[in-house]
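To keep things clear, I will list the structure first and then write my remarks on it.
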Protein chains: 2
Amino acid sequence: MANIREIAKEAGVSVATVSRVLNGYPYVREEKRNAVWEAVEKLNYTKNINAVHLAKGKTSIIGVMLPYVNHPYFGAILEGISKEALRHRYHLLLFQTNYDVEKELEALEMMRMKQVDGLIICSHVAGWNVIEEYKEDGPIVLCENVGDKDFLSVYIDHYESFAKALRYLIRKGHRHIGYCIGRTTGTNSKARETAYYDTLRQIGVEPRKEWIFDHCLYVEDGKRVIHQWMDLSEKPSALLVSSDQVAAGIVLWGRKEGVKIPDDLAIVSFDNHPISEPLQITTMELPLALMGTKAFRLIYHYIETGNIVKKKEKLPVRFMERSSV
Amino acid sequence: MANIREIAKEAGVSVATVSRVLNGYPYVREEKRNAVWEAVEKLNYTKNINAVHLAKGKTSIIGVMLPYVNHPYFGAILEGISKEALRHRYHLLLFQTNYDVEKELEALEMMRMKQVDGLIICSHVAGWNVIEEYKEDGPIVLCENVGDKDFLSVYIDHYESFAKALRYLIRKGHRHIGYCIGRTTGTNSKARETAYYDTLRQIGVEPRKEWIFDHCLYVEDGKRVIHQWMDLSEKPSALLVSSDQVAAGIVLWGRKEGVKIPDDLAIVSFDNHPISEPLQITTMELPLALMGTKAFRLIYHYIETGNIVKKKEKLPVRFMERSSV
DNA sequence: TATTGCATTGAAACGCGTTTCATACATTAT
DNA sequence: ATAATGTATGAAACGCGTTTCAATGCAATA
């Protein structure tokens, strides 16, 4: 395969001139410009992009670290990132971690090795000190509330929205409230847990461990939850559900078991996935795609200009009141 | 940032030796090996992976071309690819095309430029002649039936499964059958269309254009479909739906309108997404994640060994009979 | 003792596009 | 007429790890 030097020889110019033509720089005479393009045609030349990356020291690739690619939550974030990356002619390198620290480290290492110009972390298990070590290797944007930590972040305030949903249930007369969550570790989950404990204690209700349902990610987990719920001797009258998929599972499998929503069990969920509308599930709309888009913009803007407009951005959550409460 | 030559100087060896140590090759004396690692520590050295890519002429990255990342169908394929890529320490570069030929070409060009070692095409609009031009630039695996064309492929026989579903409906006494599809172009969609026309004509029923519902991709499209269906003066008694998401939308929005499934309208869908189970939707389980996994394996095996075990592999579809017919 | 072979090691070439710097000529401004 | 700009172009350095090839040293086999 031809390289730029062969093109130069063929066109009777220097490699610098070829590079100029190829990249559309000025100061090349029309004839030479044509000669170069002709040589490119003739020798069927294509740039070796790895040489470009090496020479430029950048790749126009952003890494995306997420636990699962095909989860509605992360899929939506990814969609937002992807949409924006497309607009700016950037590419995305996927780092699926399955919440494995090793895999997370690998993504970070890839930035150190200049495989990617920056990294968007959708979720992680690695400690802050670990991530901090890679700060000098490139911009990192997190899709979670990083608190005081010195990181770029675009996030949804899960403490606030969880507390808001809880207060709504309380206002509706519920005192026995449980919740479903994807996992119990992680910033977002911890925020929700804290909101749960804080809010219930504020009204003098003792939170119950057995009303917390872990590992709730997909529709099928809703089936498990509703059965577990039915087996409880003391049942919560309301559930906060961290994902519409799980809520849909709970509602649909509950129906089959004769569980009346909201009379037997009230539900407030999160996401506002289209499935929640026909099921009349009251849900908090999370701007996931927007979060992805903004995360990309932040990192992109930093890479291209070196400036940061807003280090941390909190995105608004919209409450969609329907009839599952 | 230090490079390999500085490490060599610091450790008092040649760059070749440093490279040997870094890559775990034999024939390096213990002392030198240690000296290299110490220099690496001391200078806080990391490889520049772009230089590696350039030197090796490969990147261990596979490109994935798909129209939308957050669609259940493609998400499932992507998950399968990702899982397998993880096992083999390969990375994935995402090319979201939105079914735009320009974007598809970009993905193909990226392979030519050696950005990726191979390309998995989940779906495309570009013509075969276009794709064919890139055959020499690296292995391409398609997730669709490529017929006689000389491409690697792992696929679901959509003609067969669509025809099978149709015959099932016919056996159940339906004569007025329509269908919902994501788009009308594309190999898979054409296969389904052909199956529809062929099968209906076999039983002497004239297919009807107005019973074909295009642009059905997500839950919310089901809402549109059920309303369109209700507005028809002559209604089909059964619908084949190319995605469980859409079917769920049809069933759920239909319920709200008092449409009885299957009495007013029978449904056979595709995917066997977990949502279809509590909704009792009869569905054809498509092994999407498996397709992704196998596509990756095929391309991986070719890259690593130069061998192809099976050029084209058809994956089995499982019929999940429930009560929506 | 002569020969074969393996273990070690480094110089140099290789993969290849970008960018800087010096040079040379053509204009325009003073 | 002279200085100051602007246009045009190429040589060479730069980014950096991999790999080949020749060479050296030493041990084992003939």
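To find a chain, count down the sequence lines: A is the first, B the second, and so on, and within it residues start at 1. When reading the values below, keep in mind they use all heavy atoms of this one structure, side chains included, and skip hydrogens, waters and symmetry mates.
Judged as a ring pair (Phe, Tyr, Trp, His ring centres under 6.0 Å), and not counting sequence neighbours, Y73(B) has no contacts. Not a single ring pair (Phe, Tyr, Trp, His ring centres under 6.0 Å) links H158(B) to another residue, sequence neighbours left out. Y68(B) meets the ring pair (Phe, Tyr, Trp, His ring centres under 6.0 Å) test with Y99(B); sequence neighbours excluded. Taking R183(B) as the reference, nothing meets the salt bridge (Lys or Arg N to Asp or Glu O under 4.0 Å) condition, with sequence neighbours excluded. Annotation: salt bridge (Lys or Arg N to Asp or Glu O under 4.0 Å) contacts of D150(B) (sequence neighbours excluded): K135(B), K311(B). Remark: K190(A) pairs with E193(A) by the salt bridge (Lys or Arg N to Asp or Glu O under 4.0 Å) rule, at least two apart or across chains. H53(B) is linked by a ring pair (Phe, Tyr, Trp, His ring centres under 6.0 Å) to nothing, counting only residues two or more places apart in sequence or in another chain.
Listed by first and then second residue, the ring pair (Phe, Tyr, Trp, His ring centres under 6.0 Å) pairs that reach into residues 6-37 of chain B come to none, sequence neighbours excluded.
Residues from residues 29-42 of chain A that place a heavy atom under 4.0 Å from any atom of DNA chain D, listed by number: R29(A), K32(A).
The span of DNA chain C lying next to chain B, judged by atoms under 4.0 Å from heavy atoms, is bounded 5' to 3' by dA7(C) to dC16(C).
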Dump the pairs, protein N or O against N or O of nucleotides 5-7 of chain D, anything under 3.5 Å, distances to one decimal.
| residue | atom | partner | partner atom | Å |
| --- | --- | --- | --- | --- |
| dT7(D) | OP2 | Y27(A) | OH | 2.6 |

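Each end of the helix from dT1(C)-dA30(D) to dT30(C)-dA1(D) gets its own axis from five base pairs, and the two axes differ in direction by 30°, given to 10 degrees.
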